[in-house]
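Worth saying up front: this structure is predicted, and the values here are computed from it rather than measured. A, B, ... follow the sequence lines: proteins, then strands. Residue 1 opens every chain.
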There are 2 protein chains.
Amino acid sequence: MLKISKLTDYATVILSFMAKNNQRVCAAMELATATGIALPTVSKILKALVNAKVLISTRGAKGGYLLAAAPDKITVATIISALEGPIAVTECSISQQGCEQAAGCNISGHWNVINRAIYNALESVTLADMIKPQETLIPIASLYRIENHNVSQ
Amino acid sequence: MLKISKLTDYATVILSFMAKNNQRVCAAMELATATGIALPTVSKILKALVNAKVLISTRGAKGGYLLAAAPDKITVATIISALEGPIAVTECSISQQGCEQAAGCNISGHWNVINRAIYNALESVTLADMIKPQETLIPIASLYRIENHNVSQ
DNA sequence: ATTAAATAGGACTAAAATAGTCCCCAATGA
DNA sequence: TCATTGGGGACTATTTTAGTCCTATTTAAT
């Protein structure tokens with residue numbers, strides 16, 4: 001199904017909340033309450049986002065988390081790779097080792113093309129887009145081919 | 001990491017082999033030998049591809065599998081959805097139920113845009129592309145934005 | 001100084017998804 | 001009629017993901 005993990009999905013919810021409250025430090029506890037996600041899980045996600053430099057943290061009393069950049073500078077690609085590592089459709093596209101498949105694997109170059117395309121798609125949507133009301137979007141769809149979904153599935 | 005499953009990866013290897021031997025019926029056993037993938041696993045994949053109408057099967061002695069269409073009509077999107085179901089980055093993009101996340105989930109529309117973009121990317125590459133020598137490709141990359149990968153990850 | 005409120009890091013467990021195998025049935029050609 | 005080949009589905013094992021918890025560290029307030 002080629003899906004993102006639950007944690008990544010949560011991350012977008014958390015970050016959307018923070019984007020709406022822009023420039024205010026939020027404690028993990030507050031975010032847990034606001035989103036309905038359990039505190040330990042929220043913490044885990046926030047830690048990952050800090051490591052990926054999507055968030056900045058301050059420790060100690062009155063500490064918490066803050067977006068490291070403006071919402072329109074934080075892309076979905078960034079969020080996904082913060083929680084799941086590099087965006088790559090196959091293992092072999094990450095490690096340049098190539099796979100051990102004996103025969104017929106000269107395909108990796110093609111996966112790279114696909115990866116690039118997907119990466120660009122994910123790079124085209126930002127946190128700022130995500131907190132816009134739904135009507136105002138559909139813009140990037142026009143960047144991509146919409147026609148001929150004709151092969152049966 | 002947003003990756004396809006191992007089985008899907010195998011499927012592309014198997015289908016590539018078949019595309020190169022186009023218009024010849026291949027038995028599961030032959031494909032297992034040719035690709036180095038275990039027979040039961042190959043069978044499982046072939047069954048899924050038949051169900052998705054990517055392959056046509058003939059039973060009985062001298063039976064086997066055949067591509068249901070020309071390699072340039074079989075897209076990567078089709079192969080992935082044959083093995084993994086509909087291509088959708090989030091659960092909620094499939095079932096229109098919406099998610100149970102209490103607060104702040106008006107995001108689904110945005111995921112749909114992303115799904116569409118990814119789907120089109122996967123739809124742009126066919127089996128025929130995959131069996132081409134690597135030099136001859138990189139075409140669809142130009143359909144997508146390549147610039148500004150500037151947000152840190 | 002001490003304490004309370006926060007995050008950091010990492011170990012651990014539980015749950016779910018994926019991969020892989022196997023068995024018995026149905027079809028077909030020799 | 002028998003050997004060969006696919007069909008369907010159950011089952012097990014493995015791996016990944018999700019979720020929790022514990023201990024240490026930092027900092028503001030008193």
Side-chain angles (χ1 to χ4, degrees), chain A residues 1-11 13-14 18 24-33 35-66 68 80 82-85 88-91 94 99-101, chain B residues 1-11 13-14 18 24-33 35-66 68 80 82-85 88-91 94 99-101:
Chain A
M1 185 185 125
L2 202 76
K3 68 164 180 290
I4 61 170
S5 73
K6 253 187 185 180
L7 293 184
T8 305
D9 201 352
Y10 293 164
V13 174
I14 293 170
M18 293 181 75
R24 228 196 66 237
V25 172
C26 299
M29 184 59 189
E30 176 189 356
L31 294 167
T33 306
T35 60
I37 303 165
L39 177 59
T41 303
V42 170
S43 292
K44 186 179 189 173
I45 294 165
L46 293 170
K47 287 171 198 171
L49 291 171
V50 169
N51 281 328
K53 304 217 168 65
V54 174
L55 295 178
I56 294 170
S57 65
T58 13
R59 287 183 167 201
K62 308 275 175 183
Y65 299 88
L66 195 64
I80 292 178
L83 280 126
E84 312 187 22
V89 166
T90 56
E91 287 296 345
I94 292 183
C99 58
E100 305 88 40
Q101 221 51 53
Chain B
M1 188 185 119
L2 201 75
K3 67 166 179 290
I4 60 171
S5 74
K6 254 187 183 179
L7 294 184
T8 304
D9 201 352
Y10 294 163
V13 174
I14 293 169
M18 294 182 74
R24 227 194 70 236
V25 171
C26 299
M29 185 59 188
E30 176 189 357
L31 294 167
T33 307
T35 59
I37 303 165
L39 177 59
T41 304
V42 169
S43 292
K44 185 178 190 172
I45 293 165
L46 292 170
K47 288 172 198 171
L49 291 170
V50 169
N51 281 329
K53 305 219 167 64
V54 174
L55 296 178
I56 294 170
S57 65
T58 13
R59 288 181 168 203
K62 309 276 175 184
Y65 299 88
L66 193 64
I80 293 178
L83 281 125
E84 312 186 23
V89 166
T90 54
E91 288 296 345
I94 292 183
C99 57
E100 304 88 39
Q101 221 51 53

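Note that the OG atom of B/S43 and the CD1 atom of B/I37 stand 11.0 Å from one another [nearest 0.5 Å]. Distance check, rounded to the nearest 0.5 Å: CG of B/L39 to CD of B/E30 gives 12.0 Å. Distance check, rounded to the nearest 0.5 Å: NZ of B/K6 to CD1 of B/I45 gives 11.0 Å. Atom CG of A/N51 and atom CG of A/L46 lie 11.0 Å apart (nearest 0.5 Å). Note that CD1 of A/I4 is 8.0 Å distant from CG of B/L2, once rounded to the nearest 0.5 Å. Taking CG of A/L7 as the reference point, atom CD1 of A/I80 lies at 13.0 Å (rounded to 0.5 Å).
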List, with names and distances, any nitrogen or oxygen atoms from the protein found under 3.5 Å away from nitrogen or oxygen atoms belonging to nucleotides 7-9 of chain C.
residue: C/dT7; atom: OP1; partner: A/A28; partner atom: N; Å: 2.8
residue: C/dT7; atom: O3'; partner: A/S57; partner atom: OG; Å: 3.4
residue: C/dA8; atom: OP1; partner: A/S57; partner atom: OG; Å: 2.5
residue: C/dA8; atom: OP2; partner: A/Y65; partner atom: OH; Å: 2.9
residue: C/dA8; atom: O4'; partner: A/R59; partner atom: NH2; Å: 2.5
residue: C/dG9; atom: N7; partner: A/K47; partner atom: NZ; Å: 2.8
residue: C/dG9; atom: O6; partner: A/K47; partner atom: NZ; Å: 3.2

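Here the side chains of B/V13 and B/Y10 are not in contact, with every heavy-atom distance at 4.5 Å or above.
Taking side-chain N and O atoms only, A/K6 has a distance below 4.0 Å to OP1 or OP2 of D/dG19.
Counting only heavy atoms from C-beta on, A/A61 has its side chain closest to C/dA5 among D/dG19, C/dG29, C/dA5. Considering only side-chain atoms of B/K44, the nucleotide from D/dA18, C/dT21, D/dA28 that sits closest is C/dT21. Of the candidates D/dT17, D/dA28, D/dA18, D/dT17 carries the atom nearest the B/K3 side chain, counting heavy atoms from C-beta on.
Between B/L55 atom CG and D/dG6 atom P there is a gap of 11 Å when expressed in whole angstrom units. Summarising the geometry, the separation between CG on A/L31 and C1' on C/dA6 is reported as 13 Å, rounded to the nearest angstrom. Atoms CG (A/L2) and P (D/dT16) sit 17 Å apart, rounded to a whole Å. Between A/K62 atom NZ and D/dT30 atom P the separation is 8 Å, expressed in whole Å. Regarding B/L83, its CG atom lies at a distance of 14 Å from the C1' atom of C/dG20, rounded to whole Å. To the nearest angstrom, P of C/dT21 lies 11 Å from CG of B/L7. The separation between A/I45 atom CD1 and D/dA18 atom P is 9 Å, rounded to whole Å. Taking atom CD of residue A/E84 and atom P of nucleotide C/dA17, one finds them 15 Å apart after rounding to whole Å.
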Check: residues 55-66 of chain A side-chain donor-acceptor pairs under 3.5 Å, at least two apart:
residue: A/T58; atom: OG1; partner: A/G64; partner atom: O; Å: 3.4

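Annotation: the terminal axes of the helix from C/dA1-D/dT30 to C/dA30-D/dT1 meet at 10°, where each axis is the rotation carrying the C1' atoms of four end pairs onto the next four (5 pairs per end, rounded to 10°).
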inquiry  = Could you walk me through whether A/L49 and A/L83 satisfy the side-chain contact (heavy atoms from CB on, under 4.5 Å) test, starting with their C-alpha distance in whole Å, then the side-chain angles of each, then the deciding distance to 0.1 Å, before giving a yes or no?
reply    = CA-CA 7 Å; A/L49 291 171; A/L83 280 126; 4.1 Å; yes

